[in-house]
Amino acid sequence: MSAEWPLKANTKAVGITIRDLEVVYSTGQGQVPAVNGVDLDIAGGQITGIIGESGSGKSTLAMAIMNAVPHPGRIVKGSVVVDGVGNMLTLDKESQRRARGRNLGFVFQAAQNSLNPLTRVGHQVLDLGRSHNVKDLRGLLRRAKELLHRMGMDADRVLTAYQHELSGGMRQRVGIMFALVLDAQVVILDEPTTALDMLSQASVLEIVRSIHEERDITTILITHDMGVVADLADRVVVMYGGELAEEGETAEVLAHPAHPYTKGLIQAIPRISGDLSQAVALSGSPPDLKTFMQSGCLFYDRCPERVAECQVKRPPYESAGPERKVACFRVMPHD
Amino acid sequence: MSLAATTEAPSKNSPGPAGHPSFLKNAWRVIAKKPGRLLGLAIIVLFTLMAIFGPYLYPRQLPINPNAIYAPISWHYPLGTDFEGTSNLALIVTGARYVLFAAAMAAVFTVVFGTALGLISGYYLGWPDSVIMRVTDFILTIPGFPLLVVLSTIWNFGQPMAMGFVLGITGWGGLARAVRSQTLSLRERGFIEAARTLGLSPFHILFKEILPNVGSYIAMNLLLAVTGSIYAEVGLFFLGVVPFQVNNWGVMLNLAVFSAGAMSSTQALPYLLSPLLALLILTLGVVLFLDAVDEMFNPRLKEA
Amino acid sequence: MIEVRRLEKTFPGKHGLLGHDAVKAVQDVSFRIPDGGAVSFIGESGCGKTTIGRILAGLENYTAGEVLVDGQNLATVDRRQREAVLRRVQLIQQDPYQALNPARTIEQALSDPLKVMAKARGADTAWILQRMEEVLGLVGLEPEAVVHKYPHMLSGGQRQRIVIARALTVEPSVLVADEAVSMIDVSLRLGVLKLLRDLREKFHISLIFITHDVASARYVGEDGQMFVIYKGMIAEQGPTDDVILHPQHPYTQALLSAVPVLKGLESPGSDRYIPLKELDHGQSPENACLFAPRCPFAQPLCETERPALQGASGHQYACHYPQERHVVAVALKE
């Protein structure tokens with residue numbers, strides 16, 4: 001914590017424990033399990049990257065942590081226990097509302113949708129403060145300014161600006177400011193860099209990284225870009241078709257991916273050095289409505305390593321070494 | 001080197017090779033989804049049949065019955081009778097042709113003019129746009145109903161075609177403006193630019209690329225134009241500014257109110273209420289059916 | 001072959017083309033692409049790279065300079081010829097959903113340009129169907145699986161393949177891919193990039209690849225030329241691998257630094273740096289380096305004189321103080 005950073009840092013990082021979470025979407029063709037029986041421990045003070053393609057349920061999982069799954073989604077069962085707050089799914093409405101913003105900060109996908117286009121950013125900071133009964137609104141604005149300045153922006157200009165006057169990268173930073181201005185101990189970023197160019201992406205990631213370190217918060221990063229997770233996250237969680245496929249320490253997973261899907265994702269990243277022929281495209285389409293219905297492994301149709309067993313039974317999500325879990329029949333534990 | 005090496009598996013949640021529903025099939029699927037839409041369609045079909053075949057169901061001169069003047073509702077006269085003892089039902093059925101035919105003509109004029117001019121104006125911009133929009137503004141400033149009243153003094157509206165033409169001519173301005181603004185936003189879309197770089201003709205771009213995307217909008221306007229025109233012509237006849245040479249719902253209203261005193265006596269009430277009921281049911285049918293139009297034309301909702 | 005000389009594009013502001021608020025989107029850009037060759041333009045959003053692509057596709061006029069497609073100057077050919085020339089240059093847009101008409105099936109989208117082609121060569125309906133299957137096969141799609149679908153029924157990767165197939169119907173010699181994979185799920189991007197690379201090799205279609213992602217530019221055009229564009233001007237240009245492995249311009253180095261480092265497989269380059277300041281879209285002074293306000297290595301000279309392209313003819317950079325820095329991540333030894 002440096003001298004020009006007088007904000008109160010959290011003394012103890014907040015972890016999140018998710019158990020047997022199930023979220024179902026009602027569609028014309030019936031009930032689709034977007035998140036299916038997810039057990040996940042998000043360690044406090046770490047950056048956890050949750051990666052998955054469109055349709056993997058990663059954004060739904062993020063919304064479920066806030067207990068804010070949008071219609072027609074519905075949390076069917078499970079628990080989401082946030083340290084110091086309680087089970088988000090059973091708290092009363094008012095405590096939940098207070099927890100969102102105060103304890104859990106959320107940065108929306110392509111932040112533009114989360115800003116009100118009709119009022120200035122500064123006004124929205126004040127509105128946020130009022131709805132959370134912040135007494136010292138002046139102090140709140142000062143804090144917002146510091147955060148914006150910290151992210152390399154002209155704070156006075158941004159606070160008096162409307163959403164459309166800000167570029168994509170700037171909006172995303174404003175989104176991060178909103179998530180942090182009430183001193184949230186957990187920040188959830190949903191696709192924070194999608195639609196940004198590489199340079200904006202890199203600077204947003206740099207900001208997330210440095211703020212994370214300075215404030216000792218818990219950061220959850222939702223993305224479809226393995227590169228983003230590989231660069232930033234301490235831990236990576238791979239999601240496929242609403243279920244967890246693999247998790248582990250980032251460097252470990254990247255160097256020794258166990259699940260064929262994880263391997264495919266890593267191989268599909270074009271690199272700026274080395275042999276281009278090492279890059280291999282992932283075949284097939286992302287999971288869709290039918291994927292959820294098959295009885296076997298969700299990744300079966302696209303899997304280069306599948307065996308007969310994979311078609312009939314869904315592999316259990318099991319420990320495969322220290323701090324490591326995988327759902328694949330082909331991975332022998334401790335191999 | 002095989003280009004097909006990375007074939008993506010076909011997405012499974014959509015129809016196979018056989019599934020290429022024709023427009024009508026799809027439309028029926030959309031309508032059948034909700035009973036309200038079916039009811040709406042049934043009402044519209046019923047009135048259309050009435051307009052086409054109605055006059056053939058009754059003799060040219062509707063029978064009069066001096067013993068049943070202003071007869072109450074009964075099995076024999078389901079909607080009562082008028083001042084001559086003619087069945088109100090027969091009057092409604094035979095009167096439907098003029099009303100609906102004129103309204104359909106008006107709607108077709110409105111839609112054809114409005115759509116074509118809106119598309120051209122929005123796509124070409126420049127001088128065609130300026131000219132068309134000035135004319136549109138002029139049309140929009142003409143108060144349609146008073147114009148009709150004035151015109152009727154010099155023009156005989158015995159033919160529904162003439163009535164429909166005048167209603168259509170004064171009515172296309174709003175649609176043209178709306179279609180133009182839709183076209184303006186569509187022409188910047190990637191697929192229109194792509195069509196241009198592929199060398200497709202402006203005619204193709206206007207009618208095959210842009211038109212389907214404003215289809216639901218136009219269909220809705222068509223239906224609303226029909227009801228709007230019906231109100232206008234019934235209103236004209238009610239006011240009595242056009243000659244009474246035809247069976248017509250508006251004429252019935254006029255006679256009921258001004259001759260039969262339906263406002264003060266209950267005796268002629270069925271005579272007043274039956275054309276009103278016809279209008280009400282037809283409007284209800286159109287409104288119920290409108291619900292299906294958007295879904296019918298919106299490709300995103302096809303085979304969801 | 002495409003040759004572009006001193007291309008310039010100014011968007012008029014409120015006060016016209018010469019007004020103080022006119023935006024110079026492209027300035028002094030020259031390049032040539034041999035048949036089957038590849039050129040990539042790298043830069044941030046709003047740097048003018050998209051405008052270059054739109055000019056080549058005939059969707060935008062240019063203010064000055066020359067554009068020659070197969071030897072024909074776009075400015076001097078008559079309207080008819082211009083249409084034919086431009087048809088040989090097809091644009092693959094960023095958003096495949098925008099690029100396909102939502103109200104028309106894939107079959108309709110592909111048969112329209114094929115009908116025009118068939119008319120030109122006097123071919124019949126059977127030829128159209130055969131070509132349709134051919135182009136779909138080329139982009140790796142099963143014809144029966146897609147032709148009767150609407151765009152929204154396909155995945156992002158499939159949609160972009162359809163857009164490429166549609167471009168192939170008119171037998172182009174140049175494809176301009178403008179951020180062609182940035183809207184697609186990362187997991188499916190490589191498949192589309194591979195397709196573009198294969199089209200180059202198999203049909204000698206030249207590729208102009210416009211992107212902010214250096215890695216994907218390298219993937220499709222490792223053997224081609226790379227142009228780093230900043231505020232409408234060339235900051236650095238040269239053979240792709242030369243620019244990536246020996247970057248001289250601080251802006252190129254920033255772009256290379258921005259490529260995520262894969263923990264566990266790579267370690268960051270020793271000189272990696274990421275500018276936190278965003279690109280400002282305002283006017284830059286005529287006599288200063290465009291990148292100076294964001295450059296961590298700027299000197300007083302950079303504020304007073306705009307650097308010209310310098311360096312050996314193959315690899316050039318517009319910087320007063322060029323210096324190679326190690327910004328690219330290094331692969332860890334297993």
_Residues A/Arg271 and C/Asp213 bridged, charged N to O under 4.0 Å_ = no

*With a 4.5 angstrom heavy-atom cut-off, which part of A/Ser273 approaches chain C: side chain, backbone, both or neither?*
both

*Results of ring pair (Phe, Tyr, Trp, His ring centres under 6.0 Å) for C/His212 - residues two or more places apart only*: none

*Interface moiety of C/Ala329 toward chain A, non-hydrogen atoms closer than 4.5 Å*: backbone

*Under 4.5 Å from a heavy atom of chain A, the part of C/Ile184 involved*: backbone

*State the CG-SG distance between A/Asp197 and C/Cys47, to the nearest 0.5 angstrom.*
8.5 Å

*Under 4.5 Å, heavy atom to heavy atom, which residues of residues 250-260 of chain C contact chain A?*
C/Tyr251, C/Ala254, C/Leu255, C/Leu256, C/Ala258, C/Val259, C/Pro260

*So what's closer than 4.5 Å to chain A heavy atoms on C/Ser187: side chain, backbone, both or neither?*
both

*asked:* Do C/Val186 and A/Glu53 have side chains that approach each other closer than 4.5 Å (heavy atoms only, starting at C-beta)?
replied: no

*Quick one: pull up CG in A/Leu196 and CD in C/Glu44 and give me the separation to the nearest 0.5 Å.*
11.0 Å

*Contacting moiety of A/Val253, where chain C heavy atoms sit under 4.5 Å*: neither

*Test side chain to side chain contact (heavy atoms under 4.5 Å, CB included) applied to C/Lys263 and A/Val229, step by step*: CA-CA 9 Å; C/Lys263 243 180 238 174; A/Val229 172; over 6 Å; no

*asked:* Exactly one of C/Val220, C/Val214, C/Leu193 should register a side chain to side chain contact (heavy atoms under 4.5 Å, CB included) with A/Pro270. Which one does?
replied: C/Leu193

_Beyond-backbone contact of A/Ile269 with C/Leu262, side-chain heavy atoms, under 4.5 angstrom_ = yes

*Go through the steps to decide whether C/Ile274 and A/Gln201 satisfy the test side chain to side chain contact (heavy atoms under 4.5 Å, CB included), and finish with yes or no.*
CA-CA 10 Å; C/Ile274 289 159; A/Gln201 164 172 309; over 6 Å; no

*Heavy-atom contact with chain A under 4.5 Å, split by part of C/Glu179*: neither

*Under 4.5 Å from a heavy atom of chain C, the part of A/Asp154 involved*: neither

_Pairs flagged by salt bridge (Lys or Arg N to Asp or Glu O under 4.0 Å) wherever residues 241-253 of chain C is involved - sequence neighbours left out_ = C/Arg218-C/Asp241

_Contact list for residues 253-264 of chain A, test salt bridge (Lys or Arg N to Asp or Glu O under 4.0 Å), sequence neighbours left out_ = A/Lys263-A/Glu305

*At a heavy-atom separation under 4.5 Å, does A/Leu265 approach chain C through its side chain, its backbone, both, or neither?*
side chain

